[in-house]
There are 2 protein chains.
Amino acid sequence: MQQKIRMPGMIGEDLLFLTDDQLRRGIEAMFFAYRAFTADPDLILAELDYGRAHHRAVHFINRDPGLTVTSLLAVLGVTKQSLNRVLRTLIEDELVESRVGRRDRRERQLYLTEKGAILERRLSEAQRARMRAAYRNAGPQAVAGFRQVLEAMMDPETRAQYQALKDLPEDRKEPANEQPRRTYSDRR
Amino acid sequence: MQQKIRMPGMIGEDLLFLTDDQLRRGIEAMFFAYRAFTADPDLILAELDYGRAHHRAVHFINRDPGLTVTSLLAVLGVTKQSLNRVLRTLIEDELVESRVGRRDRRERQLYLTEKGAILERRLSEAQRARMRAAYRNAGPQAVAGFRQVLEAMMDPETRAQYQALKDLPEDRKEPANEQPRRTYSDRR
DNA sequence: TTGATAGGGCAGCCTTGTTGACTTTCCAAG
DNA sequence: CTTGGAAAGTCAACAAGGCTGCCCTATCAA
């Protein structure tokens, strides 16, 4: 069950980083850091009467424009109703546009409007600024370790999602598993 | 404002880890990892009709038995009213005991009961198991980097708190800033 | 034509956060 | 011994954002 262990010079001598106390420190670090991590966007969101849920939606729509409601649901891990409430306000406020799917007209493809993109940049720049400072402070090696531990902490399915999303941004490709493009001889 | 930068062989050549894309990856890693991080305790809590707020309270009371409501408030970063609601149910359910402060009888010092300690162990063991697996998987060097980045991400005051809490557990010392113990000739 | 799927709407519930106003307890200083 | 103020707690009201359950429409695929 445990994945292959590949630790340089560690034949049982140096397992001190696995003590309960070290783990507790890591747990508390996660708690405090996550609070800081969300603090800056939260300030901006509050003044606009949005919440974290809006931020998350906007983030992932920006990262993968044209994704469907169902995909977004899967990424966020919430219920349709929960997401819908958020999405409705974003669409009403003209931050997000919902277009009928090309491939399947039942689907809705989500895009940021220019207004939405502006908010997204404002939010993500605030968040990135903190992350950038932390990265710079800790250095590239630490950053690699940081990412490694976070990935190892994810559920396998989430990790797969996370890794798959890695290289999307360039040209918004069709999902790999797409049907061979039927000649949709649709009426209407 | 930026702390002294000490990065080995980096004279502007290798700043690629600071690109917006790398930062975005880090941001998403935080989001997904935090969700996993809370998932295991959440399952246990749900079956007992508690929430994350209860977990956090129990965690910090366990880590620093006898701390006052005000200190706990400061650590958790929520309002008195919010914490109170949670604390009340924990006390009613006899997981937490609230004793009148020795130093200042207005204060309430918080302790886990045996029942509370059992729940705490159950929750934290679930959380530690995941953390342990991630740590083991990533190795000690990565863990060091992980902690470094998380610390760098915290607000300075939070970081100070976090670091101060480091070595408490052993002998539950009086707060360093305590008054020189007046002979409290109290009636009653 | 029909069953399954994508999306959305509505109702209602819960937890956990918030403010604001108020009381009680009780220490410490005048 | 009185009193100001800190610590703790209470009540009321509200909001965000989770959840479930149920129902409806549009659309696709067989």
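Labels below follow one simple rule: chain letters A, B, ... track the order of the sequence lines, proteins then strands, and each chain is numbered from 1.
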>> Under a 3.5 Å distance rule, please check whether B/Lys115 uses its side chain to pair with a backbone N or O of B/Val96 as donor and acceptor.
In response: no
> What is the distance from CG of A/Leu90 to P of D/dA16, rounded to the nearest Å?
Replying inline: 13 Å
> Are a donor atom and an acceptor atom from the side chains of A/Arg52 and A/Thr38 found within less than 3.5 Å of each other?
Replying inline: yes
> Could you state the CG-C1' distance from B/Leu110 to D/dA7, rounded to the nearest angstrom?
Replying inline: 13 Å
>> Rounded to whole Å, how long is the line connecting atom CG of A/Leu72 with atom P of C/dA6?
In response: 15 Å
>> Please confirm whether the ring centroid of A/Phe31 lies under 6.0 Å from the ring centroid of B/Phe60.
In response: yes
> Step by step, would you call B/His59 with B/Ser124 a side chain to side chain donor-acceptor pair (under 3.5 Å)?
Replying inline: CA-CA 8 Å; B/His59 172 95; B/Ser124 69; over 6 Å; no
> CZ of B/Arg105 versus C1' of C/dT24: gap in Å, rounded?
Replying inline: 14 Å
> Would B/Arg99 count as a cation-pi partner of B/Tyr111, with NZ or CZ less than 6.0 Å from the six-membered ring centre and within 45° of the ring normal?
Replying inline: yes
> Within the structure, does a side-chain N or O atom of A/Arg106 lie under 4.0 Å from either OP1 or OP2 of D/dC28?
Replying inline: no
>> How close do A/Leu110 and A/Ile61 get, counting heavy atoms only, and between which atoms?
In response: O-CG2, 3.7 Å
> Which residues within residues 39-59 of chain B lie with some heavy atom under 4.0 Å of an atom in DNA chain D?
Replying inline: none
> Passes side chain to side chain donor-acceptor pair (under 3.5 Å), A/Gln109 versus A/Arg103? Steps please.
Replying inline: CA-CA 10 Å; A/Gln109 296 192 292; A/Arg103 171 176 73 223; over 6 Å; no
>> If I take atom CZ in residue B/Arg102 and atom C1' in nucleotide C/dC26, what distance separates them, rounded to the nearest angstrom?
In response: 17 Å
> What are the two closest non-hydrogen atoms of B/Thr158 and A/Arg35, and how far apart are they?
Replying inline: CG2-NH2, 3.7 Å
> So is A/Arg25 actually on top of B/Tyr162's ring, under 6.0 Å and inside 45° of the axis?
Replying inline: yes
> B/Arg108 CZ to C/dT25 P: how many Å, rounded?
Replying inline: 10 Å
> Which residues, if any, of residues 79-89 of chain B bring a heavy atom under 4.0 Å of DNA chain C?
Replying inline: B/Thr79, B/Gln81, B/Ser82, B/Arg85
> B/Leu73 CG to D/dA7 C1': how many Å, rounded?
Replying inline: 11 Å
